[in-house]
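In the text below, chain A, chain B and the rest are named by the order of the sequence lines, each starting its count at 1. Just so we're clear, the structure is a prediction, and the values are computed from it rather than from any experiment.
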Amino acid sequence: MPEGHTLHRLAREHRRLLRGRVVAATSPQGRFASGAAALDGATLRTAEAHGKHLFHRYRSDAADLTLHVHLGLFGRFTTWQGQAPPPSTGCRLRLATVDDGPPVTIDLAGAAACELLDPDGERRLRARLGPDPLRRGADPDAAYAALRRRRAPLGQALLDQSVIAGVGNVFRAEALFLCGLDPRREARTLTRPEFDALWTTLVGMLRDGLRRGRIVTVTAEDAGRAPGRLATEDARYVYRREGLPCRRCGTPIVAWTLAARRMYACPRCQRTAPPSGGAAAAASA
DNA sequence: TCTGCATGAAAAA
DNA sequence: TTTTCCTGCAGAG
């Protein structure tokens with residue numbers, strides 16, 4: 001489930017449950033044994049997310065330590081308050097409070113990255129990330145400038161974390177649908193008004209995902225009922241709906257592989273052509 | 001028990 | 001552009 005909203009939600013949860021708490025850190029699976037040893041007995045100062053990256057900031061004796069986690073496709077955190085079961089065999093990192101407060105245990109498994117970063121390492125990592133719509137001060141101009149530099153298809157450019165940090169496969173498909181944009185168009189042909197609508201849509205979707213804890217893009221009007229109660233497959237317009245009728249026009253949704261990921265779109269609702277050939281394309285369609 | 005698949009991204013070729 | 005690495009789960013056999 002990890003797109004940007006998931007990581008911001010985890011950061012918030014970890015701050016709420018662990019900020020100021022002393023933790024015991026272990027690596028039951030063993031692959032983060034040395035890192036866990038360094039973290040053991042440290043106090044969490046804060047947790048934050050940038051795109052799909054999560055950072056825990058700890059103070060241990062005199063040293064400051066930063067834990068960096070990227071969940072990748074399979075990673076997941078599991079949290080217990082009170083008694084926790086034994087860690088699963090794949091548990092890379094277990095954090096468990098050892099102070100007098102209420103007991104909290106957080107397990108991490110399947111992460112693509114779980115490492116301690118020094119300030120320089122974090123700087124290099126952050127330099128590769130574009131603006132994150134969920135972070136204060138996110139600069140849409142930087143995202144637009146990056147898109148205008150790319151010859152790659154818009155659908156591909158949107159997954160590039162150096163363009164906009166936090167957008168994943170669900171958000172890209174749904175945002176492009178809602179904005180009526182053809183994913184195959186060259187990113188650099190995007191006009192400023194088109195980009196502004198796309199950015200606004202993404203900000204809204206990410207914030208909504210952060211609030212709900214799940215991705216629901218279908219409006220109550222299009223769903224015909226309260227979207228909060230929709231089953232996952234009914235909560236989206238195009239993502240994983242190949243062959244099913246578009247909720248707006250009834251045309252079957254199409255899917256293809258773009259930049260090694262599945263891209264979904266409505267061939268009728270998403271054929272906005274670049275401004276130069278727009279009128280002719282629309283007339284012939 | 002085995003297989004395939006998943007909301008990701010880096011390394012290799 | 002292809003391969004590889006993370007793990008857990010559902011569905012098939």
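Among the nucleotides C:dG8, B:dA6, C:dC6, the one closest to any side-chain atom of A:Ala112 is C:dC6.
In this structure, A:Lys52 reaches the B:dA9 phosphate: one of its side-chain N or O atoms is under 4.0 Å from OP1 or OP2. Residue A:His70 places no side-chain N or O under 4.0 Å from the OP1 or OP2 atom of B:dG8. Taking 4.0 angstrom as the limit, A:Arg128 places a side-chain polar atom (N or O) nearer than this to OP1 or OP2 of B:dA10. Look at A:Arg214 and you won't find any side-chain N or O under 4.0 angstrom from OP1 or OP2 of B:dT7. Between A:Thr6 and the phosphate of B:dT7, there is no side-chain N or O to OP1/OP2 separation shorter than 4.0 Å. OP1 and OP2 of B:dC5 both lie 4.0 Å or more from every side-chain N or O belonging to A:Arg262. Neither OP1 nor OP2 of C:dC6 sits under 4.0 Å from any side-chain N or O of A:Arg76. Look at A:Arg31 and you'll find a side-chain N or O under 4.0 angstrom from OP1 or OP2 of C:dT7. OP1 or OP2 of B:dG8 has not a single side-chain nitrogen or oxygen of A:Gln161 nearer than 4.0 Å.
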Annotated structure of DNA chain B as dot-bracket, pair cut-off 3.5 Å, Watson-Crick or G-U only, | for inter-strand, is ||||||.|||||.

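A:Gln29 comes within contact range of the sugar-phosphate backbone alone, with a heavy-atom separation under 4.0 Å but no base atom that close. Within 4.0 Å (heavy atoms only), A:Arg172 reaches no atom of the nucleic acid at all.
Judged purely by atom type and a 3.5 angstrom limit, A:Glu174 uses its side chain to pair as donor or acceptor with the backbone of A:Tyr237. Side chain of A:Arg19 to main chain of A:Thr46: no donor-acceptor pair is present (N/O by atom type, distance under 3.5 Å, no hydrogens or angles). The main-chain N or O of A:Asp222 is found under 3.5 Å from a side-chain atom of A:Thr219 such that the two form a donor-acceptor pair. The backbone N or O of A:Val104 sits less than 3.5 Å from a side-chain atom of A:Thr97, completing a donor-acceptor pair.
Here B:dG8 presents its C1' atom at 14 Å from NE2 of A:His5, a figure rounded to the nearest Å. Residue A:His53 contributes atom NE2, which lies 11 Å from atom C1' of B:dA10 at whole-angstrom precision. Straight-line distance from the CG atom of A:Leu158 to the P atom of B:dA9: 13 Å, rounded to whole Å. In this entry the distance linking CG of A:Leu129 with P of B:dG8 reads 14 Å, nearest Å.
Identified under the ring-ring contact (aromatic ring centres under 6.0 Å, His included) test for residues 115-144 of chain A, with sequence neighbours left out: A:Tyr144-A:Phe195.
Residue whose closest nucleotide on DNA chain B sits further toward the 5' end, between A:Leu125 and A:Tyr264: A:Tyr264.
A:His50 pairs in a side chain to side chain donor-acceptor pair (under 3.5 Å) with only one of the listed residues (A:Glu122, A:Arg126, A:His8), which is A:Arg126.
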Show the numbers, then the answer: is there a side-chain contact (heavy atoms from CB on, under 4.5 Å) between A:Thr217 and A:Tyr239? CA-CA 10 Å; A:Thr217 56; A:Tyr239 179 76; over 6 Å; no

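In terms of the salt bridge (Lys or Arg N to Asp or Glu O under 4.0 Å) criterion, residue partners of A:Arg135 (sequence neighbours excluded) are, by chain and number, A:Glu48.
The aromatic ring of A:Phe74 does not stack onto the base of C:dC6, failing the criterion of a centre distance under 5.5 Å from the six-membered base ring together with planes under 30° apart.
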